[in-house]
Each structure stands twice: as structure tokens, then as C-alpha cells.
Amino acid sequence: MPDTPAASQDVRYDFRSAEPRWQRAWDEAGCFRVPDVPPADARKYYVLEMFPYPSGKIHMGHVRNYTLGDVVARYKRARGHLVMHPMGWDAFGLPAENAARERGIHPGKWTYDNIANMRAELKRMGLSLEWEREFATCDPEYYGQQQKLFLDFLNAGLVERKESWVNWDPVDGTVLANEQVIDGRGWRSGAPVEKKLLSQWFLSITKFAPELLDALDGLDRWPERVRLMQANWIGRSEGARFRFRLAEAVGGIADCEVFTTRPDTLFGMSFLAVAPEHPLAAAAAARNPDAAAFIAECRAMGTSEAVIEQAEKRGFDTGFSVAHPFTGETYPVWIANFVLMEYGTGAIFGCPGHDERDHEFARKYGLSIIPVVRPHDAGADFSVAEAPFIGDGVIINSRFLDGLDVASGKRAAIAKLEELGAGTGVVNWRLRDWGVSRQRYWGCPIPVIHCDDCGVVPVPQDQLPLRLPEDVDFSRPGNPLDHHPSWKHVACPRCAKPARRETDTFDTFVDSSWYFARFCSPRADVPVNRAAVDAWLPVDQYIGGIEHAILHLLYSRFFTRAMRAAGHLALEEPFAGLFTQGMVQHESYKGADGRWLYPEEVEKRADGIAVVRGTEEPVTVGRVESMSKSKRNTVDPGAIIDRYGADTARWFILSDNPPERDMEWSESGVAGASRFIQRLWRMAQGLEQALVEAERPDEAAGHRLRQAAHRSIAAVTEALEGFAFNVAVARIHELANTIADAPTAPLAARREAMEILLRLAAPMMPHLAEEIWSVLHPAGGLVARLPWPEADPALLAVDSITLAVQVAGKLRATIEVPVDATDEQVFALAEAEPNVIRALDGRPIRKRIHVKGRVVNLVG
RNA sequence: GCGGUCAUGGCGGAAUGGUAGACGCGCUAGCUUGAGGUGCUAGUGGGGGAAACCCCGUGGAAGUUCGAAUCUUCUUGACCGCACCA
């Protein structure tokens with residue numbers, strides 16, 4: 001619509017006053033509140049975005065994540081669902097302790113101050129969140145319930161205490177996660193990391209390994225690649241587990257068990273290798289200082305250095321030997337750095353002819369390489385001397401296996417092993433139990449007490465929550481809980497003798513493994529109110545970053561099953577639908593001296609040259625990459641909302657590209673979104689007045705406008721259903737263009753089209769929708785309460801359509817035909833088109849194709 | 001190495017096997033407005049043509065089909081995940 005004089009461009013939409021006003025209105029009307037236990041006839045819908053870590057400020061990734069979730073929540077609400085959309089904080093973790101060490105702020109104060117900041121920032125986005133359900137995982141009310149859950153799991157036999165190898169930082173006196181080990185050194189202390197055997201708590205996730213794998217097939221609203229990543233992580237493999245008898249027992253060890261997926265190649269064996277942590281290696285070390293030195297070297301390597309060393313396979317010949325279960329021949333036992341204690345049995349038989357690692361190892365140490373599988377198409381020159389052969393083929397040099405293919409060779413070898421009582425066919429899993437002990441302060445205390453007489457004793461239920469002490473000292477390295485003067489000293493609940501509290505706290509992944517369930521009844525004095533979780537779970541749509549594709553989601557799936565085993569819910573899968581969003585990226589900039597510059601420090605001049613704002617210093621524009629503080633290519637959401645408003649930020653972030661892909665945040669893109677918001681505001685001016693209709697309003701144009709508006713309903717609905725928010729945005733742009741192009745249509749039609757547009761756009765730009773709606777309907781309610789618009793079928797019906805006419809598959813013309821036109825009518829029209837006649841060039845038509853509503857193709 | 005995803009104008013992208021490039025950004029020209037981020041109109045894949053139109057075009061090569069961005073095979077490249085998993 002061309003601007004009328006009354007709606008000139010000085011009419012600006014004042015988002016600064018409107019946005020807070022509508023946020024208050026939604027809040028006061030309680031638009032987003034739902035009961036813990038919904039009415040029986042309610043169509044529930046649970047929308048959840050991965051809750052944030054309270055780092056202090058929200059970033060663009062949060063804006064994208066929460067905007068996506070909010071569109072879903074608002075849309076589903078309009079579709080008549082009872083929508084739960086809660087928010088909370090993943091509030092335990094190391095950064096709070098770092099702040100305490102570096103700046104002397106208590107982790108609790110640091111965390112809650114950050115939460116207050118970020119809550120205010122999120123509220124400015126106008127998200128349809130139910131803040132009444134908010135909690136932080138560091139609230140004792142939350143972690144106390146987590147402690148109860150842990151004790152329930154302990155009772156249910158899902159918790160174990162066992163020794164495990166950890167990355168140990170000898171300077172900080174703490175265990176490091178793999179990602180905290182950089183080049184073999186502690187990320188904070190810089191000290192070489194050691195492998196250390198510690199007694200730790202484990203959750204028995206492996207008990208559910210088959211179920212966790214099989215259930216992936218049913219998660220049909222999860223991205224395929226996430227399911228694949230989980231399947232790989234769980235890592236099921238079929239093979240055989242069997243024993244080699246040692247030629248001579250050492251240190252009381254008489255045999256050595258191995259796991260293999262290739263029992264068919266057993267006759268190609270040339271050595272046996274064990275991990276440096278294997279008992280046989282220890283036995284060798286006890287007799288031979290050189291073996292001990294080799295093992296110590298492997299251990300000092302740490303987990304991360306192993307990556308650097310991965311090319312080099314190293315081994316140590318123990319001098320022990322084992323007997324082949326089929327032939328009785330003896331083979332040497334090596335300690336090898338490439339054998340993992342954690343996988344299988346920590347021991348393998350080496351078959352250099354048909355395994356790359358074994359091949360490399362055998363060549364390095366001059367061990368024999370025997371071919372036992374020959375490719376089906378092998379020529380006379382077949383050899384495994386240079387490279388191993390991994391594929392399928394015919395088994396050779398293998399006595400009773402000769403002539404079989406690989407698959408039947410495996411079966412035959414396993415049958416023989418079982419017959420000999422040497423071993424058995426097994427399924428092996430890559431997944432390991434989940435070690436949850438962390439030697440840290442800012443985490444949920446593990447509620448057990450160690451008593452010299454009674455062993456491990458659970459903290460009694462009436463003493464939960466077991467709170468963290470407030471008075472802790474961060475000036476010393478190590479775990480403040482451990483060196484707290486009094487906290488860990490307690491009487492044993494069972495025998496009343498002096499005992500010690502567990503001073504480890506939980507891995508923070510534990511906190512986030514059940515928060516989605518807690519949201520259903522966040523104030524309950526049990527972990528979850530059964531009626532609430534039965535009604536609300538599963539989460540219908542979960543939205544978050546792909547970086548959590550494995551651990552967080554797998555742990556949550558495990559927790560759901562563990563909670564079921566403990567009787568807290570009846571569910572198998574926590575997240576029925578999962579959407580993984582892409583990252584937010586930005587150009588990076590460097591000044592003349594190579595320093596990184598923030599986007600706001602850079603000015604792009606009209607001549608296309610970038611300079612440091614206010615100077616002549618040239619700026620190098622770098623790659624578009626994920627926003628990171630180190631590269632300073634970040635944009636502060638708060639600043640964007642200050643300048644453009646929340647609706648603009650939301651609209652741009654949705655419009656740029658499909659949400660699963662990485663997006664580029666660009667200044668021009670935001671400016672464009674802002675212009676569109678202002679344009680809609682201008683277009684709405686005057687529509688509220690009961691103006692005298694323009695002379696002779698164009699009823700036909702009005703009808704066409706109405707048809708377009710009602711078709712938009714179907715188009716936008718389809719786009720939103722498919723998470724194609726960028727397409728939904730495009731459809732709304734089209735409708736706006738159509739309205740603007742119909743200035744002669746009757747006011748009522750233009751107003752109806754505008755109202756439809758607003759309601760379709762409302763999930764994405766909720767404030768502007770309310771603002772315009774309130775002008776058009778001064779006494780009307782909130783758009784947030786309106787149902788989704790419904791298209792009038794009469795307006796969707798069309799009486800004629802445009803058909804493409806092809807000649808031999810090439811477009812030559814378009815024709816207008818009645819929708820119910822017969823083939824004969826369509827062909828007659830098509831063949832009369834001058835351009836079609838010319839393209840046929842006098843050739844008779846050999847074939848006529850008419851696909852109703854789509855195309856006509858004539859082949860001459 | 002194994003597994004997976006993707007490839008369309010200057011850019012982001014759209015397209016149930018049926019008019020490729022919707023919509024936006026950017027750009028060009030004109031008109032307006034007026035000095036701090038405007039508004040309007042027209043155009044904008046490449047080539048040819050005054051025009052009507054024609055030819056080419058969805059990383060590359062082949063195939064299936066009346067018809068392929070879409071399906072199949074091969075190939076190239078980018079990205080992601082796992083990675084000594086026996």
C-alpha cells in the first residue's frame with residue numbers, strides 16, 4: 001500500500017515502550033501458566049530448550065535457541081494445546097569456582113548474580129516462558145531431590161563404586177576431564193597430567209546399553225545423525241571372548257582372555273598383546289624393571305598425548321608365551337601401547353595379515369605375517385606383506401576353516417571355541433559406565449558417608465538435602481570440601497562412630513539429566529510428582545545445540561530409565577521430538593597490527609573498505625566463523641535489543657536461513673528485519689479508522705486480496721509445522737507485498753488481510769502483533785490468547801489455474817484453464833499457443849501428457 | 001582410516017519428479033526525504049536480440065523418465081562426528 005499522507009514515514013513504531021508493556025500484559029494475564037497436573041481433556045504440549053549455564057550474559061546462541069522454542073510454544077498454544085514452556089539454570093560447574101579462586105567471590109553469589117542478569121536479559125526477549133517453574137540446579141531444593149534419586153538408584157542396584165583410571169593434575173590436586181587436558185598438561189596448572197587409579201562412583205548406564213541402542217529406532221522425530229552418533233557411541237560389536245593358556249603361569253595368572261570380532265582369523269595369529277594396565281603387564285613389571293619402565297612411560301603419556309603419539313605403535317616383549325587354543329602352538333606376549341584396557345578385555349590376539357594396527361606393529365617388531373583370508377577376486381600376486389586385507393574372502397591356511405567365507409568362518413570358529421570350552425561368542429559394548437565423581441566444591445554433594453566399620457552408608461533421608469558448606473577456602477589447591485575443617489567429619493548413621501562424608505560432588509551432567517522431569521512439579525518435596533510427570537512427559541519438542549548430541553541426551557535417556565526402575569515415572573524416552581539448531585556466526589576482523597576487533601569497532605565505509613571506526617586504520621575482514629570471545633566476533637544481544645528491539649532480533653534470526661544450519665549474524669540483515677517491522681507498522685496506520693471507503697472500491701481486488709491472505713494461512717502453517725521458519729517469514733513478506741499492492745481493495749479486505757498477517761507473524765514477532773492488534777481492536781484481548789487463524793475454504797477454492805506447457809520437456813507457454821478442465825480442453829488450448837506451434841515446427845504430436853494442475857507436455 | 005551430511009545467482013536461501021532462483025540481503029537507475037541506520041518506483045543468473053523470443057544454467061560425468069536441483073551409479077570438494085574400539 002503506498003503511504004497515505006497520514007501514514008508518512010515519520011510514524012515510527014516505538015518498540016522501547018511497546019515491548020515492556022506487552023511483556024507486562026502477558027505476565028499479568030498469566031498467559032503462559034499451566035497447572036502441574038493438567039485437566040484430563042487437555043492436549044498437552046511440552047516445549048523445552050536446553051537450559052543455559054549462567055555465565056553472566058546471554059549470547060546469540062541463546063537468542064536463537066530460545067526464539068526457536070518460543071515460536072513453537074506460541075504456535076502450539078494458538079493451535080489449542082496446553083503448552084508448558086519452562087526455564088531454569090544449569091548452575092553448578094567449574095567457572096564459578098574459577099571466579100572464586102581468581103576474584104574471591106563465593107561461587108554461590110557469583111552464580112545467583114549471573115542468573116539475575118541473564119533472567120532480565122531473557123525477559124526482554126519477550127519469551128512466552130512460565131517463570132513460576134524456574135529453578136537452578138544449585139538450589140538445595142533441587143539438588144536435595146537429586147540426592148534422593150541417587151540413593152534410590154543405589155537401592156535399585158544402578159550405582160557402583162569401583163576403581164578407575166583418571167586424568168590427575170598433581171598441582172591442582174584434581175581430576176581433569178579429557179577436554180581439560182591440553183597437550184598432556186592440565187589446562188589450568190600446566191602440569192603434566194598423570195593417570196591415576198581412583199575409587200569413584202559409577203552409574204550403571206551399561207545395564208541399559210541394548211535398550212538405549214534399540215530404542216533409537218523409535219525416535220523418529222530425532223535427527224538421523226544424532227541417532228547415528230549415539231549408536232556409534234554405544235558401539236555394539238559381535239565377536240568372541242576366549243582364553244589363551246599361558247605356557248607357564250606368572251604371578252598366579254594362568255590364562256589371558258581376549259576379545260575379538262575376527263575369530264575367523266585366529267590361525268593368522270602371530271602374537272598376543274595386552275594393555276599397559278593389564279594384570280599380565282603388572283606381572284611382567286614385577287619381574288623385569290625394563291617392563292616397569294615401559295609401562296610407566298605409557299602411563300605418563302596421559303590420554304591426550306596418546307593422540308599425538310598415535311602414529312607410533314610401541315611394544316615390549318614380556319618373554320611370556322601363550323598356547324593357541326586350536327593348534328597348541330605358542331606365541332609371544334607383548335605389552336602394547338595401542339591396546340586399550342577399557343575396551344574388551346584389555347588384551348588382543350594380533351593378526352597382522354588382516355588388521356592394520358597389528359600389521360604396523362608386526363612390521364615394526366619383525367613378527368610374522370600370515371595370510372588367512374584371500375579376496376574372492378585375488379590373483380596370484382595376492383599378499384599381505386605390504387598391507388593387511390580387511391575385506392571378505394575365502395579362508396586359507398586355517399585347517400577346518402579353509403574354504404569358508406568370513407561370516408561362516410566366524411561362526412565356525414566360535415562353535416569350535418565353545419566346544420573346546422575356551423571361550424564363547426559375545427556381544428561387546430563400547431559404552432562404559434558413567435563415572436560421576438568429581439573432586440570439586442561447586443556441585444551436588446554425593447550423599448554417602450564412609451565408615452571404617454560399616455563401609456559406605458547412605459545419608460539418611462531426613463538429613464537431605466545435604467547442603468554444601470558456605471564457608472569454604474579457595475586459597476589452597478584441591479577440593480575445598482576435602483580440606484574444610486569440620487564438614488566431612490560426621491558420626492556414622494549406622495554405628496555412630498566417627499566417620500567421613502564423601503567429599504566428591506556429582507558431574508554436572510547429572511544435574512541436567514532429569515531437570516526436564518523436575519519442571520513438571522518444580523516445588524514437589526519428592527523428586528517428581530508422579531501425576532505431573534505422567535501427564536506432561538515426554539517433552540514433545542526439545543531444542544538445543546548439536547554439541548549435546550551424545551552425552552547429555554544419552555545420560556537423560558539413561559536417567560529416564562533409571563527413574564522408571566526406581567518407580568518415579570513410567571516413561572522410556574524423555575524427548576519425543578528433538579531439534580538441533582546451528583550455530584550463530586559472524587565475520588571476524590583484525591586491525592593493522594593483527595589484533596582482533598569487535599564488530600562495533602569496525603566501520604564499513606561507502607567505498608567498501610573497512611576501517612577502525614573513526615580512524616583511517618584499515619581492517620582485514622576475516623572468515624565468517626562461530627562467535628567466540630577470543631576472536632571478538634561476538635554481538636551482544638542486549639545491545640541489539642536496545643537498538644532494534646526484541647521483535648527485530650527474533651525476526652532476523654528466524655528469517656536468515658534454515659534453523660538447523662549455521663547462520664551468519666549480519667548488520668544489514670538486522671537492519672532489513674527492522675525495516676520490515678516498521679513497514680508493517682506504517683501499513684497498519686489508518687486501517688483502524690472507520691474511514692469512508694474510497695470511491696468505488698475495487699471489489700475484485702478485495703476478493704483477490706482475501707484469497708491471497710487465506711492461502712497464506714495454509715502456507716505459513718505448513719512452514720511452521722516443518723520448522724521452516726525462514727520460509728514462514730518469506731510467506732509473510734509475500735502477504736505484506738500483496739497487501740501493499742492492493743491499495744484499491746476495500747478497507748475491510750485490507751484490514752482482514754492485515755489481521756491474518758499479524759496472527760501468523762505473532763509467534764515470531766509477538767510484541768508488534770499485540771501493538772497493532774490493540775489499535776485495530778481497542779477493546780479486544782491479547783493476540784497471545786487468540787486461536788490460530790483458519791482459512792475459509794470458499795476463499796481457497798480457485799476456478800482457474802495456470803498450467804505450464806512444455807514441448808519435449810521445455811517450457812514454451814503457460815495457459816489459464818478451468819480447474820476441472822478435461823484433457824481434451826487442455827490439449828486444445830495448449831496446441832493453439834503460437835509459441836507451442838512454433839516449437840513443434842510442424843512435427844506431428846506423438847505423445848501428450850497432462851498432469852492435472854501441474855503441467856502439459858507435448859512431444860513432437 | 002570409519003561413519004555421516006551437504007553442494008542452487010554477488011550473498012542467505014526457495015522449489016509433494018512438473019513454470020529453477022520464491023522471499024530477503026546486496027547492488028544499479030530514477031524520484032522523494034532530509035543530514036546520524038529513511039520512503040517509493042523499476043531492474044538485477046549468464047549469453048544473444050530493438051522486441052517477440054531463443055540458447056545455456058542447480059559442483060563434475062553418466063543413467064532412469066514425456067519431464068531431474070530432486071531418483072540411481074561413479075566422481076570432485078566442503079563440513080561434521082568418532083577415532084589405535086581388536
Nearest-Å distance once atom [atom1] is located in both [N] and [M]:
N: B/U58; M: B/G13; atom1: C1'; value: 13 Å
N: B/A22; M: B/G45; atom1: P; value: 8 Å
N: B/U8; M: B/C2; atom1: P; value: 26 Å
N: B/G30; M: B/G48; atom1: P; value: 24 Å
N: B/U73; M: B/C25; atom1: C1'; value: 38 Å
N: B/A14; M: B/C6; atom1: P; value: 12 Å
N: B/G63; M: B/U70; atom1: P; value: 14 Å
N: B/C79; M: B/U72; atom1: C1'; value: 25 Å

(request) Could you say whether A/Gly669 or A/Val855 is positioned toward the 5' end of RNA chain B, judged by the nucleotide with the nearest heavy atom to each? (result)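 Taking each residue's closest nucleotide, the earlier one in sequence belongs to A/Val855.
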(request) Please tell me which of A/Glu224 and A/Arg432 maps to the more 5' nucleotide of RNA chain B, matching each residue to the nucleotide holding its nearest heavy atom. (result)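 It is A/Glu224 whose nearest nucleotide is closer to the 5' end.
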Suppose we call two aromatic rings close when their centres sit under 6.0 Å apart. Are [X] and [Y] close by that rule?
X: A/His324; Y: A/Phe267; value: yes
X: A/Phe652; Y: A/Trp665; value: yes
X: A/Trp334; Y: A/Phe316; value: no

Among [options], which nucleotide sits nearest the side chain of [X]?
X: A/Arg682; options: B/A20, B/A83, B/C40; result: B/C40
X: A/Arg430; options: B/C54, B/A83, B/A86; result: B/A83
X: A/Asn857; options: B/U19, B/G18, B/G81; result: B/G18
X: A/Glu734; options: B/U19, B/G3, B/C23; result: B/C23
X: A/Lys810; options: B/C23, B/G39, B/C55; result: B/C55
X: A/Arg675; options: B/U19, B/G13, B/G39; result: B/G39
X: A/Tyr644; options: B/G13, B/G37, B/C82; result: B/G37
X: A/Ile348; options: B/A86, B/A83, B/G18; result: B/A86
X: A/Val851; options: B/C23, B/G18, B/G13; result: B/G18
X: A/Asn232; options: B/G3, B/A83, B/A86; result: B/G3

In whole angstrom, what separates [X]'s [atom1] from [N]'s [atom2]?
X: A/His733; N: B/G24; atom1: NE2; atom2: C1'; result: 6 Å
X: A/Arg812; N: B/A52; atom1: CZ; atom2: P; result: 16 Å
X: A/Leu340; N: B/C82; atom1: CG; atom2: P; result: 16 Å
X: A/Glu718; N: B/A14; atom1: CD; atom2: P; result: 13 Å
X: A/Asn657; N: B/C11; atom1: CG; atom2: C1'; result: 12 Å
X: A/Gln230; N: B/C82; atom1: CD; atom2: C1'; result: 13 Å

(message) Do A/Arg12 and A/Trp681 form a cation-pi contact, if we require the NZ or CZ to be under 6.0 Å from the six-membered ring centre and within 45 degrees of the ring's axis?
(response)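 No, a cation-pi geometry is absent between A/Arg12 and A/Trp681.
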(message) Does the Lys NZ or Arg CZ of A/Lys313 fall within the cation-pi geometry relative to A/Phe361 - under 6.0 Å from the ring centre and within 45° of the axis?
(response)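 No; the conditions do not both hold, so A/Lys313 does not lie above the ring face of A/Phe361.
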Describe the nucleic acid contact of [X] in one word from base, sugar-phosphate, nothing, applying a heavy-atom distance below 4.0 Å.
X: A/Ile849; value: base
X: A/Ser668; value: sugar-phosphate
X: A/Arg236; value: nothing
X: A/Asn835; value: sugar-phosphate
X: A/Ser674; value: nothing
X: A/Arg846; value: nothing
X: A/Val339; value: base
X: A/Arg225; value: sugar-phosphate

(message) Quick check on B/G34: syn or anti? Syn means the glycosidic torsion is within 90 degrees of zero.
(response)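 It is anti.
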(request) Determine whether any donor atom in the side chain of A/Lys847 lies under 3.5 Å from an acceptor atom in the base of B/C66, or the reverse, and answer yes or no. (result)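 No such pair is found, so the answer is no.
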(message) Under 3.5 Å, is there any donor-acceptor pair linking the side chain of A/Arg854 to the base of B/U16?
(response)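 Yes.
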(request) Could you tell me whether A/Arg16 and A/Asp14 make a salt bridge, using a distance below 4.0 angstrom between a side-chain N and a carboxylate O? (result)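 Salt bridge absent between A/Arg16 and A/Asp14.
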(request) Find the partner of B/G10: check Watson-Crick (N1-N3 plus N6-O4 or O6-N4) and G-U wobble (N1-O2, O6-N3) distances, both under 3.5 Å, and reply none if neither fits. (result)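 Base-paired to B/C25.
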(request) Using Watson-Crick or G-U wobble geometry with both distances below 3.5 Å, tell me the partner of B/C82, or none. (result)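 Partner of B/C82: B/G1.
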(message) So for atom CD, which belongs to A/Glu600, do other residues, nucleotides or ligands contribute more than 12 heavy atoms lying within a distance under 6.0 Å?
(response)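 Yes, enclosed.
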(message) I'd like to know whether CZ of A/Arg225 has more than 12 heavy-atom contacts from other residues, nucleotides or ligands below 6.0 angstrom.
(response)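 Atom CZ in A/Arg225 is not packed in, count stays at 12 or less.
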(request) Please state whether the phosphate of B/C84, meaning OP1 or OP2, lies under 4.0 angstrom from any side-chain nitrogen or oxygen of A/Arg314. (result)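 No, A/Arg314 has no side-chain N/O under 4.0 Å of OP1/OP2 on B/C84.
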